[in-house]
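Have a look at the structure below, then the notes.
Everything quoted here is computed from the prediction, not taken from an experiment.
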Amino acid sequence: VAKDLGGSVGFIAGGLCEIFPIWGVLLIGALQNLIGYSSLWLIVTGKVPVFPLWAMCVLIFVGHNGETYFNTAALVSCVQNFPKSRGPVVGILKGFAALSGAILTQIYTMINFPDQASLIFMVAVGPTMVVFALMFIIRPVGGHKEVRPSDGLSFTVVYSVCLLLAAYLMAIMLLEDLVSVSHNLITIFTLILFVPLFIPIVLSFCEGHRDPAEEVLLPKPYQHDAGNPEQDTREHEVVSSEFKDENPEEVDSLEVPEGQKRIAHLQAKLFQATAEGAVRLKNRKGPHRGEDFTLMQALIKADFWLIMFSLLLGSGSGLTVIDNLGQMSQSLGYDNTHIFVSMICIWNFIGRVGGGFISEIIVRDHAYPRPIVIVVAQLVMAVGHVFFAMGWPGAMYIGTLLIGLCYGAHWAIMPATVSELFGLKKFGALYNFLNLANPAATLVFSGVIASRIYDREAEKQARQHHIQSHISGSIFSGMLAADESLNCEGSICFFLSSMIMSGFCIIAVILSMILVYRTKTVYAHLYGKSC
């Protein structure tokens with residue numbers, strides 16, 4: 001519970017992103033990670049006296065809460081750097097977050113620590129060293145305000161690397177599980193995981209000359225008024241938007257110098273209209289959808305709560321499966337439960353990356369609301385829950401595939417949707433509020449609904465078993481009291497809870513459809529082409 005709360009309560013990280021530079025946020029997260037987990041390591045290894053249980057929970061909370069700073073800093077900076085490619089960026093980042101557990105497990109296996117307490121030491125020191133090395137590199141750099149012609153190829157390369165990495169991880173995990181692999185071979189397998197790190201290094205030293213056709217889309221650096229550089233940036237973005245919406249086909253056909261003249265002409269027209277009072281942005285009561293909202297302003301909007309409850313019901317039902325996957329596979333007669341856990345991690349990764357990719361095609365090519373992809377994902381997830389409920393042959397494999405893909409898609413699409421509807425300025429706070437859906441779903445769906453239904457079915461089977469064995473009531477009562485862990489067998493164990501989760505997904509579909517209907521005009525304005 002302390003760990004889950006630490007990983008979900010990110011209000012402080014979101015708020016600090018608005019005050020401190022990104023490196024400051026990363027530094028705070030690294031210090032929390034180091035202090036929390038290193039203290040646990042000292043206690044577990046007996047180097048310091050054992051703390052009370054509440055103090056141990058506080059340390060776990062502090063250590064795991066550092067992760068929210070890493071997630072927030074990475075997402076906020078990258079979404080600001082690529083505002084026109086939010087779907088792919090969020091999908092890729094959240095996808096690697098899903099793979100991180102498998103990657104760290106492989107590193108731990110390679111290092112071959114003498115005791116399991118060293119795992120806590122690795123978690124304390126490893127991420128902290130990475131953050132210290134990269135905290136001045138991960139930052140908003142600006143300048144990428146429009147889609148470049150080269151973006152398609154760039155994201156295709158990154159997607160290919162992601163899929164290759166996921167397939168490679170799946171292959172080596174299965175290989176190490178099925179056959180005995182030497183430590184030298186494990187070391188080679190693990191070192192290959194670091195090959196993608198050379199891509200940004202090589203690109204940094206081998207960046208070629210940018211196409212002049214792309215330069216016109218970018219703001220010229222170091223030419224802002226020193227008095228108010230932020231205002232100049234906003235003016236440039238408005239002019240770029242006006243330039244794009246005025247007549248995009250005509251503009252695309254212009255030569256670069258002529259296009260720059262066109263920008264200057266539109267700039268003069270815009271400034272003249274502002275001076276005449278045609279543009280009165282300050283007179284409006286609060287922001288409109290597609291502009292920058294604070295968290296308090298977003299909380300009074302119906303669209304934000306539609307996103308929140310759709311995420312809670314859809315993603316929460318998938319998280320219930322992930323939390324109970326071991327018991328579900330055991331109840332259906334599978335022995336190697338860890339295989340399904342590894343599989344759902346990989347499908348989760350592919351769902352996050354694929355969800356960002358597909359939703360970007362929807363908004364970019366058709367100017368249709370991004371949540372339409374969530375509608376499809378939640379419908380498919382409802383079907384996946386039915387497979388788990390019925391317990392048909394092979395249902396575990398199909399259900400794991402469907403739930404993993406669709407659960408992952410939620411966490412690629414919903415953050416991108418929030419950034420589009422409520423802006424980037426307070427994205428850190430908005431994103432971390434959405435994260436509260438996970439602990440809420442764990443508490444209600446998994447901790448109350450699924451667990452109680454499972455325990456009830458297990459008690460029924462235990463009573464039936466003892467009645468069939470002709471055991472007397474008094475002895476039966478004593479054995480039930482002594483038996484602390486009841487096991488349930490068959491599809492009946494999770495039939496009712498899976499059908500309830502499927503029903504939640506249908507409700508989520510309705511909420512998402514309402515969101516799609518309400519945001520059609522917003523997406524048409526953001527991504528539509530002028531007639």
Check: residues 403-410 side-chain donor-acceptor pairs under 3.5 Å, at least two apart:
unit_1	atom_1	unit_2	atom_2	d
H410	ND1	C406	O	2.8
H410	NE2	Q378	NE2	3.2

- Message: Just checking F293 against F304, ring centres under 6.0 Å apart?
- Response: no

- Item | Check: F495 ring centre within less than 6.0 Å of F388 ring centre | no

- Note on the structure: One should read off an interatomic distance between F504 CZ and S310 OG, to the nearest 0.5 angstrom, of 13.5 Å

- Do you know the tightest heavy-atom contact between G391 and L332? CA-CD2, 4.1 Å

- Looking only at atom types and distance, does a side-chain atom of Q32 sit under 3.5 Å from a main-chain N or O of H64, one as donor and one as acceptor? no

- Is there a donor-acceptor pair closer than 3.5 Å between any side-chain N or O of R352 and the backbone N or O of A412? no

- Query: Considering all heavy atoms of both residues, which atom of F349 and which atom of G95 are nearest to each other, and what is their separation?
  - Reply: CD1-O, 2.8 Å

- Message: Testing the 3.5 Å rule here: is there a donor-acceptor pair between the side chains of T320 and S446?
- Response: no

- Could you tell me whether the side chain of N432 and the main chain of G428 form a donor-acceptor pair under 3.5 Å? yes

- Short question: side chain of S502, backbone of S498 - any donor-acceptor pair under 3.5 Å? no

- Answer yes if the side chains of H366 and Y527 hold a donor-acceptor pair under 3.5 Å, and no otherwise. no

- Contacts of type salt bridge (Lys or Arg N to Asp or Glu O under 4.0 Å), residue D323, not counting sequence neighbours: none

- Task: Show your reasoning for whether side chain to side chain contact (heavy atoms under 4.5 Å, CB included) applies to M122 and I107.
- Result: CA-CA 9 Å; M122 186 188 78; I107 295 173; 4.2 Å; yes

- Are E420 and R86 ion-paired here, with the side-chain N under 4.0 Å from a carboxylate O? no

- Message: Would the distance check show the side chain of Y368 and the main-chain N or O of V516 forming a donor-acceptor pair, the cut-off being under 3.5 Å?
- Response: no

- One should read off an interatomic distance between I346 CD1 and M343 CE, to the nearest 0.5 angstrom, of 10.0 Å

- Could you tell me whether a side-chain N or O of Q461 sits under 3.5 Å from a main-chain N or O of C488, the two making a donor and an acceptor? no

- Query: Is the F494-Y454 ring centre distance short of 6.0 angstrom?
  - Reply: yes

- Under the 3.5 angstrom rule, does the side chain of S359 hit a backbone N or O of G356 as a donor-acceptor pair? yes

- Note on the structure: Tightest non-hydrogen contact, residues C17 and V76, listed as SG-CG2, 4.4 Å

- Item | Test item: N65 side-chain N/O and G7 main-chain N/O as donor-acceptor pair under 3.5 Å | no

- Item | Interatomic spacing from CG in L165 to OG in S160 - rounded to 0.5 Å | 12.5 Å

- Query: With distance as the sole criterion, is a donor-acceptor pair present between the side chains of R370 and T417 under 3.5 Å?
  - Reply: no

- Do F121 and Y37 have ring centroids that are under 6.0 Å from one another? no

- Taking it one step at a time, do I43 and L59 satisfy side chain to side chain contact (heavy atoms under 4.5 Å, CB included)? CA-CA 11 Å; I43 294 170; L59 290 176; 3.8 Å; yes

- Item | Donor + acceptor pair across side chains of S315, W411 (<3.5 Å) | yes

- Residue that, paired with L515, satisfies side-chain contact (heavy atoms from CB on, under 4.5 Å) out of I510, V375, D303: D303

- Considering non-hydrogen atoms only, spot the tightest contact between F96 and C162 and give its length. CE1-SG, 3.5 Å

- Counting N and O atoms only, with roles assigned by atom type, does the side chain of T400 sit under 3.5 Å from a partner on the main chain of Y397, one being a donor and the other an acceptor? no

